[in-house]
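Step one of this worksheet: look at the structure below.
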Amino acid sequence: MTATVIDGKAFAGTVREKVAAHVARLKEENGITPGLAVVLVGEDPASQVYVRSKGKQTVEVGMNSFEHKLDADTSEEDLLALLDKLNADETVHGILVQLPLPKHLNEDLVINRIDPAKDVDGFHISNVGLLGTGQKSMVPCTPLGCLMMLRDHHGSLSGLNAVVVGRSNIVGKPMANLLLKDSCTVTIAHSRTKNIEEVCKQADIVVAAVGRPEMVTGDWIKPGATVIDVGINRIPHPTEEGKTKLVGDCDYASCAEVAGAITPVPGGVGPMTIACLLANTLTACCRANGLAEPEGLTA
Ligand code: NDP
């Protein structure tokens, strides 16, 4: 079998188009422009790239982008004061604090200072609790992107066996909760799971969020299953000396021989993450204004 490739890059383009169309309607019919504020503390090069990309895509879909770049030695007090200001600002519908933060700042304290209704990353403890109890919440962007691709591919996910490999707060756990909400039978595997290959082999859906290059191989996959590879790992290029290559947590070649469908790396889950950030900002804006939420862009 050769798996169908789930093209996350193209899918993300469709999500952005839907967001842009909805934003245009909001402006025309309600005179509202959704706004996303991104806060970056310090000069971590990878974070700077992400923040630039988020700002660019926010503007491209017609939203307002507010970037707040703070020095690496910014005090907790100053950062919290900025968040309070953004929480109170009616032109800001989504707030994202780029992680990781410098070591002297308490990440939990900072994230939990964001108004949960503006928490477009879905990391605030209230949103975690709401999602965990199956209620309406802001949903973390990466798992939301995976869910959208799975719904698009399968239609209904009800009754399917899903194995999520990884139990982090930003990917594994929210992913498992979303799949449960869509009535999958969910197993969460992690570094202590026994017979992990056999566990994965029972799954109709495998979501790999491990951070270990090409760990999941074709012999872990049930023939015809869907494989969502969240991993982003940079490894030395196998043939070109001095160069690197991006790979996922799944061994693409062997998994694609067995799976029914698979997301590639790059071009799978990655592009969906920022698209879902835009979708979440739009959702937050609609909720804040008592308007109907965008269809197909929420959990
Ligand atoms: P974390 O390091 O926070 O969590 C990794 C999880 O994998 C842990 O629960 C860990 O288990 C588990 N794990 C580690 N080793 C093994 C193993 N040998 N067998 C089984 N489970 C194992 O990572 P994240 O969740 O933040 O990220 C996971 C991957 O997804 C990374 O490659 C990251 O770069 C990528 N990512 C991609 C995004 C995107 O936009 N595409 C966004 C976010 C992340 P335990 O808890 O027992 O230690």
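Predicted model only: the values in this text are computed from it and were never measured.
Between the side chain of Asn195 and the backbone N or O of Glu198, no donor-acceptor pair lies under 3.5 Å. Side-chain atoms of Asn87 come within 3.5 Å of backbone atoms of Asp115 as a donor-acceptor pair (strictly under, hydrogens ignored). In this structure, Asp119 contributes its side chain and His124 its backbone to a donor-acceptor pair below 3.5 Å. Within the 3.5 Å criterion, the main-chain N or O of Gly166 finds no donor-acceptor partner in the side chain of His190. Side chain of Asp249 to backbone of Arg212: a donor-acceptor contact under 3.5 angstrom is found. The backbone N or O of Gly218 sits less than 3.5 Å from a side-chain atom of Ser254, completing a donor-acceptor pair. No donor-acceptor pair closer than 3.5 Å links the side chain of Glu197 to the backbone N or O of Asp219.
Between His22 and Cys286, some side-chain heavy-atom pair lies under the 4.5 Å cut-off. Residues Thr226 and Asp204 form no side-chain contact, since every pair of their non-hydrogen atoms from C-beta on lies 4.5 Å or further apart. When side chains are defined from C-beta on, His237 does not count as touching Thr244, because their heavy atoms never get closer than 4.5 Å. Side-chain contact check for Glu107 versus Pro100: some heavy-atom pair is nearer than 4.5 Å. Using a 4.5 Å heavy-atom cutoff, the side chains of Val269 and Met149 are in contact. Between Trp220 and Val206, the closest side-chain pair of non-hydrogen atoms is not below 4.5 Å.
Atom CG of Leu40 and atom CG of Leu99 lie 10.5 Å apart (nearest 0.5 Å). Taken from CG in Leu79 to CG in Leu70, the straight-line distance is 6.5 Å, to the nearest 0.5 Å. The CE atom of Met148 sits 8.0 Å away from atom CZ of Arg151, with the distance rounded to the nearest 0.5 Å. The SG atom of Cys276 sits 11.0 Å away from atom CZ of Arg16, with the distance rounded to the nearest 0.5 Å. Taking CG from Asn161 and OG1 from Thr187, the interatomic distance works out to 7.0 Å, rounded to the nearest 0.5 Å. Expressed to the nearest 0.5 Å, how far SG of Cys184 lies from CD1 of Ile205 amounts to 4.5 Å.
Annotation for Cys200 and Val165: closest pair SG-CG2, 3.8 Å, computed over non-hydrogen atoms. Across every non-hydrogen atom of Ile95 and Leu86, the tightest pair is CD1-CB, 3.6 Å. Pairing each heavy atom of Ala256 with each of Ile262, the nearest pair is N-CD1, 4.1 Å. Here the closest heavy-atom approach between residue Ala189 and residue Ile196 is recorded as CB-CD1, 3.8 Å. When all heavy atoms of Asn233 and Gly248 are compared, the pair lying nearest together is ND2-O, 3.0 Å. Between Val139 and Ala299, the closest heavy-atom pair is CG2-CB, 3.8 Å.
Each of Ile188, Val186, Val163 was compared with Leu179 under the side chain to side chain contact (heavy atoms under 4.5 Å, CB included) criterion, and only Val186 meets it. When each of Ile235, Ile232, Asp229 is paired with Val247, the side chain to side chain contact (heavy atoms under 4.5 Å, CB included) condition holds for Ile235 and for no other. Of the options Asp182, Thr263, Ile228, a side chain to side chain contact (heavy atoms under 4.5 Å, CB included) to Leu150 is made by Ile228 and by none of the others. With His93 as the partner, the side chain to side chain contact (heavy atoms under 4.5 Å, CB included) test is satisfied by one option alone out of Asn289, Val120, Leu36: Asn289.
The local environment of OH in Tyr50 is sparse, with at most 12 non-hydrogen atoms from other residues, nucleotides or ligands closer than 6.0 Å. Atom NZ of Lys27 sits in a crowded spot, with more than 12 heavy atoms from other residues, nucleotides or ligands closer than 6.0 Å. At most 12 heavy atoms of other shown residues, nucleotides or ligands fall within 6.0 angstrom of atom CD in Glu77. Surrounding CD of Glu43 are at most 12 heavy atoms belonging to other residues, nucleotides or ligands under 6.0 Å away.
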Task: Stepwise side chain to side chain contact (heavy atoms under 4.5 Å, CB included) test for Arg287 and Glu293 - done: CA-CA 7 Å; Arg287 286 181 186 169; Glu293 290 176 16; 2.7 Å; yes
- [ ] Begin from the C-alpha positions of Leu96 and Thr281 and carry the test side chain to side chain contact (heavy atoms under 4.5 Å, CB included) through to its verdict.
- [x] CA-CA 10 Å; Leu96 178 147; Thr281 305; over 6 Å; no
Task: Check against side chain to side chain contact (heavy atoms under 4.5 Å, CB included), Arg167 and Arg192 - done: CA-CA 11 Å; Arg167 55 174 163 179; Arg192 306 295 171 91; 4.3 Å; yes
Task: Stepwise side chain to side chain contact (heavy atoms under 4.5 Å, CB included) test for Leu282 and Leu26 - done: CA-CA 10 Å; Leu282 174 60; Leu26 272 182; 3.6 Å; yes
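Linking Ile, Leu, Val, Met, Phe, Trp and Tyr whenever their side-chain heavy atoms come within less than 4.5 Å leaves Val15 and Met138 in two separate clusters. Transitive grouping of hydrophobic side chains (ILVMFWY, heavy atoms separated by less than 4.5 Å) brings Tyr252 and Val216 into a common cluster. Taking hydrophobic clusters as Ile, Leu, Val, Met, Phe, Trp and Tyr residues chained together by side-chain heavy-atom distances below 4.5 Å, Ile274 does not share a cluster with Val19. The hydrophobic clustering, which links ILVMFWY residues whose side-chain heavy atoms are closer than 4.5 Å, places Leu101 and Val38 apart. Transitive grouping of hydrophobic side chains (ILVMFWY, heavy atoms separated by less than 4.5 Å) brings Phe123 and Val92 into a common cluster.
Judged purely by distance below 3.5 Å, without hydrogens or angles, the side chains of Thr133 and Gln135 pair a donor atom with an acceptor atom.
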